[in-house]
Amino acid sequence: MDIHQILTQYWGHTAFRPMQEEIIQSVLEGNDSLALLPTGGGKSICFQVPAMAKEGICLVVSPLIALMNDQVQHLKSKGINAVAIVSGMHKREIDVLLDNCIYGKVKFLYVSPERLSNELFRARLQKMQINLIAVDEAHCISQWGYDFRPPYLKIAEVRELQPDVPVIALTATATPEVVVDIQEKLAFKAPNVFQKSFERKNLAYVVMEREDKLKQLVNILSKVEGSAVVYVRSRRKTKEVADYLNQINISASHYHAGLESKERNEKQALWIKGKFRVMVATNAFGMGIDKSNVRVVVHLDIPDAIESYFQEAGRAGRDGHKAYAVLIYHKSDQLDLEQRVAMAFPEIATIEKVYQALANHYQIAIGAGLDESYEFDIADFCQRTQLKPYTVYSSLKLLELDEYLLLSDAIHSPSRIKFLMSHNDLYAIQVSNKSIDGFIKLLLRSYSGLFDAFVKINEHELAQRSNSTPPQVRELLEVLDRHEVLSYIPASNQPKITYTRERANVQNLQISRRSYYDRKEGVVKRINAVIDYTTATHKCRSQQLLAYFGEKDALRCGICDVCLERNKLDLSSLEFEQVSDQIKALLQQEPMALTAIVSAIKDSRDDKIIKVIQWLVDNGKLQHTDDNKMSWKK
């Protein structure tokens, strides 16, 4: 089928967005391709359409369970057969699903990067007719990226199992260093990058330093009409801010990863429909959200990286109309960020202690546990071990980097069952066990496909249909599971720990320099870049962000807070930057008197130099010293 027919039939669009068609044609020609498209740029179309145009199945590597599940449901809603293997799934369930990928008509198989190390998965993968490998959030493969995931490095090994299959890598944010690294790590046969400018001409970036952040938030929401997203760092704060807004008649709700999947989906759907105006959320909100008319995104806390800020801010104004991305900060926020770095990197002895405590908690012997998943209640674990939650979380994340284990986010996993017997064997069981015959018939009437794959069930609905209670239904299912009539996987809302290596003796635990010291250095570097963006008031906000991503020659946006102030000077962008850069270079060496500064600046009139100096003073970049000189404020 032609790619335009596919686009119309399944996605309802009559034309591709800019650059999508070129990327798709590159993939169909068998080329390895890297697509850098900004948030909302339609990245998924770039691999889903060519995969639909080719025979076989598309392997999609993605780091987020919630995002995988969303995309699978989205494809299924279009009549496209898609499945996902996520941590915490039962081995039998994975086995059946992989068989269906080999012998069935599955079109998209979503997996986490950790799955690529599994020998069973690799063996089955070689039997599949793979037509394309799609790597979502591809910046995760680079140790220079802001969200490095070592298991992504296994993709190159998987490519060796399918040497003729092209790869498409996709990301919304990547520095020039990361762009090169992605292609090298994925073993591209030749460099091939498709990159749209990250510039958002309709988006005004604003940074404000305020004592009372909530007061300023209300002020912004009163002046900017329409839908809004407010990002905060903690789950507790999402509810507090949403409650405060509701009290003053600004309709709001809150969202974070700790809420049950059903509740998150309901909140998301209501916000998209405009049933309430403001979503107050952690960074768990936004992936895959398709709402074009967001007029303002406000950050009440300084983000950890320019990359994440750019993605989150970019959720405003996707319809092309004027929108705002506002960051409100207080000087104490910078200190908080620095403290978070220290907390995120516990001492290596502490990490070893957490690893040992985890093995004791689940009673896992040395050499055991590989590919086993365990529900993880961090509050209960911390209470039993007397360890602090953030210390435990940070230690687990560092252990994850060295592929000792995987910590999945809390996500609702519904109950599933699959019959393990043939029709004939099951009939024999029913005949000889009249007490369960009725219940088995109820299962067969209620759900189809129970002999072929794991099927989601609802114990409450089964209880209503059988005039019993949910606990009685669960008990019957457990009995059938013990007798291997069926396999029953109960529902869960807990995060899961999955051991990706056999449990090691703590004395043999190796936290690599790459995972610990180099990563810490990278985190500090990214935090410093965020602080520089927050405090810089002499260069266009859009230019600062674009320069970070390698677009050095971008024009001044004219609508950010810095540009609006500078417009009052009656100076061109080039003149202002030439003068301000010279002043900064001079005063970073030593303080100077006003007359000395004016004399030292080249190629500009004195009155213009004085205007720039006054602007820098007014915006807190220059300060007077005790001996009546000026210095550059750090």
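Counting from 1, the numbers follow the sequence of the chain as shown.
- Judged by distance alone, the side chain of Ser142 and the main-chain N or O of His139 form no donor-acceptor pair under 3.5 Å.
- The closest donor-acceptor contact from the side chain of Arg541 to the backbone of Ile559 lies at 3.5 Å or more, if one exists at all.
- In this structure, the ring of Phe310 has its center less than 6.0 angstrom from the ring center of Phe549.
- Residues forming a salt bridge (charged side-chain N to carboxylate O under 4.0 Å, His left out) with Arg149 (at least two apart in sequence, or on another chain): Glu114.
- Without hydrogens or angle criteria, Glu199 side chain to Leu546 main chain gives no donor-acceptor distance under 3.5 Å.
- With Ser394 contributing its side chain and Met343 its backbone, the two residues share a donor-acceptor pair below 3.5 Å.
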Can you give each donor-acceptor pair under 3.5 Å made by side-chain atoms of residues 207-216, sequence neighbours left out, with the distance rounded to 0.1 Å?
{"unit_1": "Arg210", "atom_1": "NE", "unit_2": "Gln216", "atom_2": "OE1", "d": "3.0"}
{"unit_1": "Glu211", "atom_1": "OE1", "unit_2": "His330", "atom_2": "NE2", "d": "3.2"}
{"unit_1": "Glu211", "atom_1": "OE2", "unit_2": "His330", "atom_2": "NE2", "d": "3.3"}
{"unit_1": "Asp212", "atom_1": "OD1", "unit_2": "Leu214", "atom_2": "N", "d": "3.4"}
{"unit_1": "Asp212", "atom_1": "OD1", "unit_2": "Lys215", "atom_2": "N", "d": "3.0"}
{"unit_1": "Lys213", "atom_1": "NZ", "unit_2": "Leu300", "atom_2": "O", "d": "2.7"}
{"unit_1": "Lys213", "atom_1": "NZ", "unit_2": "Asp333", "atom_2": "OD1", "d": "3.4"}
{"unit_1": "Lys213", "atom_1": "NZ", "unit_2": "Asp333", "atom_2": "OD2", "d": "2.6"}

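- Side-chain N or O atoms of Arg526 include none that pairs as donor or acceptor with a backbone N or O of Glu307 at under 3.5 Å.
- Under a 4.0 Å N-O distance rule, the pair Lys237/Asp301 qualifies as a salt bridge.
- With hydrogens and angles disregarded, no donor-acceptor distance shorter than 3.5 Å links the side chain of Thr282 to the backbone of His256.
- The side chain to side chain contact (heavy atoms under 4.5 Å, CB included) with Leu37 is formed by just one residue from the set Ile23, Ile45, Thr171; it is Ile23.
- Salt bridge absent: Lys539 and Asp581 never bring a charged side-chain N and a carboxylate O closer than 4.0 Å.
- The shortest distance between side-chain heavy atoms of Asn246 and Phe276 does not fall below 4.5 Å.
- Counting heavy-atom neighbours within 6.0 Å of Asn628 CG, excluding the residue itself, gives a total of 12 or less.
- Counted within 6.0 Å of CD on Gln339, heavy atoms from surrounding residues, nucleotides or ligands total more than 12; the atom is thus considered enclosed.
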Margin query: Test side chain to side chain donor-acceptor pair (under 3.5 Å) on Asn192 and Ser26; report intermediate values, then the result.
Written below: CA-CA 9 Å; Asn192 188 27; Ser26 174; 3.0 Å; yes
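- For His299, the ring-ring contact (aromatic ring centres under 6.0 Å, His included) partners two or more places apart in sequence, or in a different chain, are Tyr231, Tyr309.
- The backbone N or O of Leu407 lies less than 3.5 Å from a partner atom in the side chain of Glu400, making a donor-acceptor pair.
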Item checked: Test log, rule salt bridge (charged side-chain N to carboxylate O under 4.0 Å, His left out), inputs Asp603 and Lys608 -> CA-CA 11 Å; Asp603 303 323; Lys608 292 190 175 184; over 6 Å; no
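- By the salt bridge (charged side-chain N to carboxylate O under 4.0 Å, His left out) test, Asp606 is found to be paired with no residue, residues two or more places apart in sequence or in another chain being considered.
- Counting only residues at least two apart or on different chains, the salt bridge (Lys or Arg N to Asp or Glu O under 4.0 Å) pairs with a member in residues 170-187 are Asp181-Lys185.
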Next item on the list: Start with the C-alpha distance between Leu259 and His254, add both sets of side-chain angles, then the distance that settles side-chain contact (heavy atoms from CB on, under 4.5 Å), and finish with yes or no.
Entry: CA-CA 10 Å; Leu259 300 173; His254 71 289; 4.2 Å; yes
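- Atom CD of Gln588 sits in a crowded spot, with more than 12 heavy atoms from other residues, nucleotides or ligands closer than 6.0 Å.
- By the salt bridge (charged side-chain N to carboxylate O under 4.0 Å, His left out) test, Glu240 is found to be paired with Arg236, residues two or more places apart in sequence or in another chain being considered.
- Heavy-atom contacts from other residues, nucleotides or ligands closer than 6.0 Å to NZ of Lys322 number more than 12.
- Between the side chain of Tyr404 and the backbone N or O of Ile511 there is no donor-acceptor pair closer than 3.5 Å.
- Within 6.0 Å of the OH atom in Tyr324, the count of heavy atoms belonging to other residues, nucleotides or ligands does not exceed 12.
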